[in-house]
Every structure is written in C-alpha cells, then in structure tokens.
Amino acid sequence: MSASSENIKDSVLSLLLQNTDQDLFTRLNIGVIYLDEHNRVLCSNKVVSDLTGFTAEEILGQSYTEPCFDTLNDPASLSEFILSWKPLDESKKSSRFKLSDKQGNLSHLICDVFPFPNRCKNKDGKICAIRADVTSDIIEDDHSFDECKIENMYLREKMLSNLGKKALSCTNINVLMDYALKKSAETLDVKYSRIMELLPDGKFLLRYGYGFSEWCVGSALVDKELGSPAGYAAFCGKPLVVDDMRTEERFRIPHFLHEHNIVSSVNVIIGDGNDMYGVLCLHTDKQRKFTEQDVNFLQSVANILAETIKLRDSFKSLELYGNLINKSNDFIMVLNAVTKKFIYVNDKVFQDLGYTEDEVLKQDVFDPGCFITGHDMQKLIGQVAEKGSLVVESELLGKDGSLIPVEISLAFVENEGTIYIVLIGRDINERRILEHAIRERAKQLEYSNDLKDMFTDVTSHDLISSISLIEGFTGYLEEMETDEEKKNLLGHVVSTTARLKKTIDSAAVFARLNSASDMSLEELDLRLIYYNALERMLSKISDRALNVELESPGQCNALVNPIIEEVLYNLLSNAIKYSPQGSTIMVNIEPLDIESEDGKWKVSISDEGP
C-alpha cells in the first residue's frame with residue numbers, strides 16, 4: 001500500500017477515524033495518534049501511553065513548535081518526539097527513535113507517519129502509527145552483529161510495516177492471509193508456510209498455505225492437542241519450535257507434512273486462548289534451528305493478523321446491523337440530544353422523502369422547516385425526557401411537498417456518556433385508509449340496524465294487531481258457544497294466540513339486541529316451560545298414540561328468557577314428526593354438573609325414529 005493521502009484517506013483507518021469511536025483503537029497492538037495541521041494531538045489510543053510512558057492527559061491537546069534532536073543518536077522528550085514525525089519519504093522506510101519518558105526510562109520506537117486530510121475543515125493533519133523496536137536491544141547487546149544481520153532485521157521490520165499498512169487498507173481477508181504467508185516465508189527464507197484455522201469442533205483445518213500442494217490447502221484436517229504441531233502449540237498456549245520432525249515424540253506428525261518432507265518448523269498462535277483464530281506455522285525441508293528473533297518476528301505477524309480479524313469481525317457486525325436497518329420498512333433516525341442534529345438516518349428516509357444525506361444531516365429538529373412536522377418538537381422532546389419514551393402520530397414532509405402520515409416512537413438512549421434520541425417512524429397511511437373504511441362500514445351497519453329495527457317494529461305491530469283481532473273474535477265466539485267440545489277448542493285458540501303474541505314480543509326484543517347482556521332474564525321452572533310446549537302438541541301426540549315421558553328432579557329453576565319455550569316446542573315437534581306409531585319420546589332435565597349448584601341444566605329429547 002502506498003502512503004499517499006489519495007490511498008490512505010479511503011482506507012479502513014480513515015473510516016475508523018471519521019465514523020467510529022476512538023476506543024476501537026485500544027484493540028490494536030500499534031499505537032495510533034492523530035495530529036491536526038498545527039501539530040496538536042487530537043486523539044490517541046492506550047497503546048501510545050504503554051509505549052511512551054506518558055499518560056493520555058499528557059499527550060492529548062499538546063502543541064509543539066520546534067523539533068530539536070537527532071533521532072538516530074540522542075533520546076528525545078515527548079515534544080521533540082512528536083515534532084520530529086514527518087511523512088514517509090520515497091524510500092518508504094520507517095523512522096526509529098529513542099524516547100525518554102518523564103522518569104528517564106528509555107524506549108526504542110518505530111514510527112510510520114501518513115498525511116491525513118481533514119475533509120470537514122479542508123486542513124491537513126497526520127496519522128502516526130508507532131510500535132516498539134524489538135531489534136534495538138539485540139543490536140546494542142550483541143556487539144558481534146554484522147551487516148547481514150542488521151539487513152535481515154531491517155527486512156523483517158519493513159515486512160511488518162508493510163503488513164500493517166496492508167491490514168489497514170485490504171478489504172479481502174484471503175488476499176491478506178496469502179500475502180502474510182508469502183512474505184513471512186520469504187523474509188525468514190523458508191519453503192513452506194501455512195495457517196491452521198481452529199474449527200468449532202476443536203480440529204484444525206489447513207485454511208491457507210504457501211508452498212504446499214493444492215490438494216491439501218482447504219481440505220487437510222488435523223486433530224487438536226497432540227494430533228499435530230499446531231494442536232500442540234494451541235494446547236500449550238505458547239510458540240512451538242521443532243528442530244527435527246523425524247525425532248519428534250510430543251505429538252503426531254500429520255500425513256501432509258510427511259508428504260512435503262518437513263523437517264523443522266515454528267508455530268505461533270493467532271489470537272489468544274479466549275479468542276483464538278488458529279496457528280501460524282513455518283516449515284523447512286532441511287534441518288534448521290529457529291532463533292528467538294525468528295519466533296518474535298513470526299508472533300508479530302500473527303498478532304497483526306489477529307487484530308485484523310477482530311476488526312473485520314467488528315466491521316462485519318456493523319455492516320450486518322446497517323444492512324438490517326436499511327432494509328427496514330420503518331423510518332429510523334438518531335438525534336444528538338445536545339445539538340438536536342441528526343447524526344444518522346436509514347435509507348428509507350432518503351428513498352421515500354427524496355432528500356440527500358447532506359440535506360437531512362444539516363437539519364435542526366427544532367427548525368420549523370424540518371421534515372418532521374405536526375408537533376412542537378421542543379415540547380415533545382421535553383415529554384420524552386419526562387416519560388423516557390413516547391409514541392405520537394405525526395407527518396414527514398417530502399422534498400416534493402408530499403406528506404407521509406407516520407406513527408413515531410421516541411426514546412432516549414445513553415452510550416458512553418453521550419445521550420441520543422432515537423426516532424422510529426412507521427408509515428400509517430394504509431392504516432388510516434382502513435380506519436376510514438371501517439368508520440364508513442360502521443355507519444352503513446348502523447343505518448342497516450335502524451332499518452331492521454324499523455322493519456321489526458312495523459312487522460311485530462301488524463302481526464300483533466292481526467292476532468289481537470283473531471283473539472277478540474275467538475273470545476266472542478267462545479262466549480256465544482254452548483257446545484262444550486267446541487268451547488274447549490276455542491279456548492285453545494285463545495291461549496295459543498296469547499302465547500303467539502308473547503313470542504312476537506320476545507322476537508322483537510331479540511331483533512334489537514346488540515349483545516347477550518341486553519337480554520332480559522327471569523327465573524322459571526324448566527318443567528313448567530316443558531309442559532306449556534307439550535300442551536300445544538297434545539292433539540298430534542294423541543293421533544299417533546305416542547307416549548311422552550319426563551325425567552327430572554323436583555325443581556328445575558333457571559334464569560331464562562320465556563322464548564326458550566319455542567326451542568322446546570321445536571324439538572318436541574321434530575320428535576313427534578319422526579317417531580313411529582305408538583313409540584316413546586323421552587325428555588330429560590338434569591344438572592349440568594351434579595356436584596355443583598350453579599343453576600345450569602342440561603335438557604335432552606330423544607325418540608325412537610330414524
């Protein structure tokens with residue numbers, strides 16, 4: 001990756017600085033500092049404090065003017081260290097420094113500096129990535145170091161620097177892994193390198209390989225713990241160096257290593273025991289003794305890969321949540337509770353309202369021209385602050401002047417000391433159409449009920465008038481009749497018409513009922529209701545020589561409406577109609593629950609017909 005501003009501004013690091021919380025940098029093993037155009041420190045991660053010995057308060061907000069030391073020889077103070085940073089020259093070599101903290105402790109550091117434009121203010125700043133110079137102590141302690149060894153260490157530092165830059169800018173993890181394997185093998189001058197990924201079942205898969213046959217990359221599996229060098233390294237939780245595989249007895253040697261005549265190897269863990277991705281392994285087909293410096297270098301490579309994987313997982317989660325939010329059918333908006341400015345809106349706001357992102361983010365929710373209309377937002381947010389959350393109906397104003405009715409839920413959310421207001425709006429246009437249709441339908445039903453009641457009143461009035469006329473003439477004939485048989489028949493007509501009038505009155509009442517609670521009930525003996533219904537059927541029973549028997553307790557009081565007699569009459573009529581000549585009809589009245597005295601009864605009628 002080039003260190004030019006054209007490339008770095010679009011890298012993952014750039015996105016992190018502009019769009020995410022700086023605390024994410026605490027996950028890196030590299031110190032990161034951002035300076036503005038005046039060399040004033042704007043932000044730094046915890047690793048910087050660990051490397052320099054200075055607290056965050058001593059680093060942040062400082063501004064310096066005069067660099068005044070030789071970075072190659074003399075230790076520098078913090079101010080001198082910061083001011084000596086310059087963007088990488090054409091050689092792309094990292095700068096080495098000696099830094100003396102306030103206690104006088106000496107640190108050897110390596111620094112890469114990139115120009116980083118602040119696009120919001122059109123000013124140029126710097127990104128400084130620093131790490132410990134692990135080779136400095138070796139050079140100072142080992143006076144036998146020759147130029148070849150120094151060149152090897154320079155190549156390793158250069159490789160780590162390039163890998164770190166590529167990790168920050170690379171969008172394809174497979175490309176990064178292949179690059180790390182190839183460059184690690186070339187730097188340590190070995191023929192083979194591989195990454196064994198730890199699977200959920202505890203086995204290791206040869207996920208990436210350099211120098212290995214294609215048949216085993218992506219398919220070779222080894223057991224955990226003693227099943228392979230990688231498993232043993234993971235089991236021990238520390239790097240594993242194997243001088244000669246041919247005499248190794250601590251673990252089994254996988255078949256694919258025998259196939260490639262592997263003799264010596266070094267294995268380091270990618271990640272840690274709680275969050276291990278896998279094991280990074282380098283191999284030779286000739287015996288070789290890997291040094292402590294070789295192990296440290298390879299572990300540095302593994303650490304960079306581990307942190308990159310963690311960051312990518314974080315970005316994947318953020319990307320997933322972002323996709324889910326943008327696929328939502330709701331309008332999702334987030335306000336800064338202090339500035340009352342929008343800091344986030346999902347894609348539906350742009351799609352349905354027609355605004356650009358800049359047009360939305362510049363709006364003040366208290367501004368009368370804000371696209372959220374229909375409420376005094378200052379008063380509304382005050383109510384949210386008092387209640388914690390609120391749901392109101394409002395309207396969203398589109399760029400073309402159209403209005404979308406919405407139901408908005410508002411709630412305060414606190415994150416790391418910053419208060420946000422989350423607004424979720426749901427389009428209720430269809431709901432309002434349905435509500436209008438329901439209201440119209442209710443009006444139609446109310447009108448229909450009025451017509452029904454009017455028809456019921458007219459019909460029942462006409463029927464009762466006709467029955468009253470029949471009742472009057474029948475009573476007149478009954479008084480004139482001297483024949484006892486005919487007089488008895490006329491008496492039946494009078495009593496029947498009286499019951500018919502009562503039935504019509506009850507039917508008229510039922511026609512007006514809106515619910516069962518409107519029904520008038522009275523306590524009656526079910527046996528009396530049965531006898532009244534039976535009396536109306538005596539002539540038919542006699543004609544067919546039928547026998548009707550009742551089985552019931554002594555008293556069967558129940559809360560009923562008198563129209564229930566018509567139900568019994570109907571059931572008896574059917575039983576008489578289909579019963580064979582001379583058969584028996586059984587009527588049973590019994591408590592619904594023998595052990596209960598709740599006044600509920602079961603009435604059943606059975607006959608011997610088909």
Side-chain angles (χ1 to χ4, degrees), residues 456 459-460 462-478 481 483-511 513 516 519-594 599-610:
T456 300
T459 303
S460 61
D462 291 346
L463 287 173
I464 290 176
S465 297
S466 300
I467 292 171
S468 297
L469 188 61
I470 295 172
E471 187 178 30
F473 280 115
T474 304
Y476 176 71
L477 292 173
E478 186 181 16
E481 187 61 58
D483 187 327
E484 289 299 325
E485 184 177 353
K486 292 180 180 180
K487 194 171 184 178
N488 185 47
L489 292 173
L490 289 171
H492 280 299
V493 173
V494 171
S495 60
T496 300
T497 53
R499 282 193 297 269
L500 184 56
K501 286 174 64 177
K502 192 174 182 180
T503 300
I504 292 172
D505 286 336
S506 297
V509 171
F510 276 119
L513 289 179
M519 185 184 298
S520 62
L521 302 176
E522 55 184 293
E523 186 172 336
L524 298 173
D525 189 343
L526 293 179
R527 295 179 304 168
L528 178 60
I529 296 174
Y530 158 72
Y531 287 130
N532 289 337
L534 182 65
E535 185 180 3
R536 296 159 59 184
M537 309 291 294
L538 288 178
S539 59
K540 293 182 179 180
I541 293 172
S542 177
D543 292 342
R544 300 177 63 84
L546 297 174
N547 180 32
V548 181
E549 297 182 3
L550 171 67
E551 289 188 4
S552 69
Q555 195 80 3
C556 304
N557 291 339
L559 283 175
V560 296
N561 185 281
I563 203 172
I564 196 70
E565 182 182 320
E566 300 305 316
V567 178
L568 290 175
Y569 177 84
N570 183 270
L571 292 174
L572 283 171
S573 176
N574 286 334
I576 293 170
K577 180 178 179 181
Y578 293 104
S579 291
Q581 189 83 11
S583 63
T584 300
I585 298 173
M586 292 297 303
V587 178
N588 288 284
I589 302 176
E590 57 185 342
L592 189 63
D593 186 351
I594 298 176
K600 295 182 180 179
W601 301 88
K602 175 182 177 181
V603 180
S604 59
I605 299 175
S606 59
D607 60 70
E608 299 175 5

Between Glu608 and Ser583, the two heavy atoms sitting closest are OE1-CB, 3.2 Å
Just so I know, are the side chains of Ile585 and Asn547 near enough to count as touching, which here means a heavy-atom distance under 4.5 Å? no
Given Glu590 and Ser552, is the side chain to side chain contact (heavy atoms under 4.5 Å, CB included) satisfied, shown in steps? CA-CA 6 Å; Glu590 57 185 342; Ser552 69; over 6 Å; no
So Trp601 and Asn588, do their side chains get closer than 4.5 Å, heavy atoms only? no
If every non-hydrogen atom of Pro580 is compared with every non-hydrogen atom of Leu546, which pair is closest and at what distance? O-CD2, 3.3 Å
Please give me the minimum heavy-atom distance between Ile576 and Lys540, naming the atom from each residue. CG2-CB, 4.1 Å
Atom pair OG/CG of Ser495 and Leu500 - distance to nearest 0.5 Å: 11.0 Å
Leu489 side, atom CG; Leu477 side, atom CG - distance, nearest 0.5 Å: 12.5 Å
Please give me the minimum heavy-atom distance between Pro610 and Tyr578, naming the atom from each residue. CD-O, 3.3 Å
Measuring only between side-chain heavy atoms, which start at C-beta, is Glu565 closer than 4.5 Å to Arg536? yes
Heavy atoms only: give me the nearest Pro591-Pro553 pair and the separation to one decimal. CD-CG, 4.4 Å
Within a 6.0 Å radius of atom CD on Gln581, are there more than 12 heavy atoms belonging to other residues, nucleotides or ligands? yes
One should read off an interatomic distance between Glu566 CD and Asn561 CG, to the nearest 0.5 angstrom, of 10.5 Å
Would the distance check show the side chain of Arg527 and the main-chain N or O of Gly554 forming a donor-acceptor pair, the cut-off being under 3.5 Å? yes
Can you find a pair of side-chain heavy atoms, one from Met586 and one from Thr584, that are under 4.5 Å apart? yes
Taking side-chain contact (heavy atoms from CB on, under 4.5 Å) as the criterion, tell me which of Leu524, Asn532, Leu526 meets it with Leu528. Asn532
Nearest 0.5 Å please: distance from the CG atom of Leu550 over to the OH atom of Tyr531. 5.0 Å
For Arg544 and Ser579, indicate whether the former's side chain and the latter's backbone hold a donor-acceptor pair under 3.5 Å. yes
When rounded to the nearest 0.5 angstrom, what is the spacing between CG in Leu559 and CD in Glu523? 6.0 Å
Check Asp525 against Cys556 and note the closest heavy-atom contact, atom names and distance. OD1-N, 3.3 Å
Decide yes or no on side chain to side chain contact (heavy atoms under 4.5 Å, CB included) for Val603 and Val567, but give the supporting numbers first. CA-CA 11 Å; Val603 180; Val567 178; over 6 Å; no
Intermediate values then yes/no, side chain to side chain contact (heavy atoms under 4.5 Å, CB included), Leu521 and Val560: CA-CA 5 Å; Leu521 302 176; Val560 296; 5.5 Å; no
Find the distance between OG1 (Thr497) and NE2 (His492) and round it off to the nearest 0.5 Å. 12.5 Å
Main chain of Leu538, side chain of Ser542: is a donor-acceptor contact present, judged purely on distance under 3.5 Å? no
Could you walk me through whether Glu478 and Lys486 satisfy the side chain to side chain contact (heavy atoms under 4.5 Å, CB included) test, starting with their C-alpha distance in whole Å, then the side-chain angles of each, then the deciding distance to 0.1 Å, before giving a yes or no? CA-CA 8 Å; Glu478 186 181 16; Lys486 292 180 180 180; over 6 Å; no
Are side-chain heavy atoms of Leu534 and Tyr569 found at a separation under 4.5 Å? no
Does any non-hydrogen side-chain atom of Leu490 lie less than 4.5 Å from one of Glu481? yes
